[in-house]
Enquirer: 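This structure is in structure tokens; I'll ask about it shortly.
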Protein chains: 2
Amino acid sequence: MFYQQIIKGSIKFVILSILENREVYGYGLIQAVNRQTKGFFEWRQSAVYTTLHKMEKAGLVKGKWRPAGIARKRKYYHLTDKGRQLLAANRTEWLAFSKYMNKLTANT
Amino acid sequence: MFYQQIIKGSIKFVILSILENREVYGYGLIQAVNRQTKGFFEWRQSAVYTTLHKMEKAGLVKGKWRPAGIARKRKYYHLTDKGRQLLAANRTEWLAFSKYMNKLTANT
DNA sequence: AAGGATACCTAAGATACTTAGGTATTCTTT
DNA sequence: AAAGAATACCTAAGTATCTTAGGTATCCTT
């Protein structure tokens, strides 16, 4: 029950983690993740934008448009309290999941 | 590209790992995993049986019915060469995936 | 004898991700 | 100055995996 949520929501979990310390916009998230994983995570725009919209609808993040003129038009997101709570829960679940995965799939 | 396969196929990956060293039947797999993860992985029969059928169709495992009479009617599965190859690839991908996940979601 | 555990199976629905398409602005190159 | 690449946003339709829900049959325990 728990871990399936994590699995399916790995994008969500990573987004929550990145937003913990700073505001980020969708396109920036994609670039940050693809760069930090050296292209191993091939995040698609469609997946990230729809996930952000869903997360905002669920009250996990809040987005606001940066005033145009200053720079390119961007929608910056930040965490809500609910988002921080889910992040904490996800961290615990991820630890358990990865521990068990390592145990179950160990090369003997 | 890679890691999504791992995520969605975590059941598949675990099954390949368990079958590496011994023949196991579907119901036994479910019990082993649920016991070893203390119920954290709540594998459903429907997911496991359909995954096994799909894996057999894909040539990753081979199942054979144990002669009835000896014990309860069971279908035991073992790995094929193709299954062993996928298992090796999955192990590599899982290492990369979990490494990056830890990096991206670290509590700073 | 009844109920629970074992052991197999399939169909229909929910959901996340991919594929595929779109618009508009800014920067770089020729 | 025009063209193309990169940035930055968005949505719709298809695919695949898992859940929910249902089924059958055998064996063991009380």
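Any value given below was found using the heavy atoms of this structure, including those in side chains, with hydrogens, waters and symmetry copies removed. Chain A is the first sequence line, chain B the second, and so forth, proteins listed ahead of strands; every chain is numbered from 1.
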Enquirer: Just to verify, what does B:Lys75 make a side-chain contact (heavy atoms from CB on, under 4.5 Å) with, not counting sequence neighbours?
Expert: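 Expected list: B:Glu56, B:Trp65, B:Tyr77.
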Enquirer: Pairs in or reaching into residues 24-35 of chain B: which pass side chain to side chain donor-acceptor pair (under 3.5 Å), with residues at least two apart or in two chains?
Expert: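 Found B:Tyr25-B:Arg74.
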Enquirer: Taking only residues two or more places apart in sequence, or in another chain, which ones meet A:Lys82 in a side-chain contact (heavy atoms from CB on, under 4.5 Å)?
Expert: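 Scan of A:Lys82 (side-chain contact (heavy atoms from CB on, under 4.5 Å), adjacent residues dropped) gives A:Leu60, A:Thr80.
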Enquirer: In terms of ring plane angle, is the pair B:Tyr100 and A:Phe40 parallel, tilted or perpendicular, where the classes change at 30° and 60°?
Expert: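 Answer is tilted, since the angle falls between 30° and 60°.
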Enquirer: Other than A:Leu95, which residues form its hydrophobic cluster under the rule that side-chain heavy atoms must be closer than 4.5 Å?
Expert: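 None, because no other hydrophobic side chain comes under 4.5 Å of this residue.
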Enquirer: What's the NZ-P distance between B:Lys54 and D:dA16, to the nearest Å?
Expert: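 Atom-to-atom, B:Lys54 to D:dA16, this comes out as 7 Å.
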Enquirer: Distance check needed: C:dA16 C1' versus B:Ile11 CD1, whole Å only.
Expert: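 That distance rounds to 15 Å.
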Enquirer: Considering the terminal five base pairs at each end of the helix from C:dA1-D:dT30 to C:dT30-D:dA1, what angle separates the two local helix axes, rounded to 10°?
Expert: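 The helix from C:dA1-D:dT30 to C:dT30-D:dA1 shows an end-to-end axis angle of 20°.
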Enquirer: Report the distance from atom CZ of A:Arg44 to atom P of D:dT15, rounded to the nearest whole Å.
Expert: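 Checked: the CZ to P distance equals 17 Å.
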Enquirer: Could you tell me which residues satisfy side-chain contact (heavy atoms from CB on, under 4.5 Å) with B:Arg91, sequence neighbours excluded, listed by chain and number?
Expert: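 Only A:Asn107, B:Phe13, B:Ser17, B:Glu20, B:Leu87 meet the side-chain contact (heavy atoms from CB on, under 4.5 Å) criterion with B:Arg91.
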Enquirer: For A:Lys54, which residues count as a side-chain contact (heavy atoms from CB on, under 4.5 Å) partner, sequence neighbours excluded?
Expert: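 With sequence neighbours excluded, A:Lys54 shows a side-chain contact (heavy atoms from CB on, under 4.5 Å) to no residue whatsoever.
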Enquirer: CZ of B:Phe13 versus P of D:dC18: gap in Å, rounded?
Expert: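 Checked: the CZ to P distance equals 14 Å.
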Enquirer: Could you pull out all residues at least two apart from A:Lys103 that satisfy salt bridge (Lys or Arg N to Asp or Glu O under 4.0 Å)?
Expert: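 Here no residue qualifies.
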Enquirer: For each nucleotide in nucleotides 4-11 of chain C, reading 5' to 3', give B when a protein heavy atom comes within less than 4.0 Å of its base, S when such contact involves only the sugar-phosphate, and - otherwise.
Expert: --BBBBBB
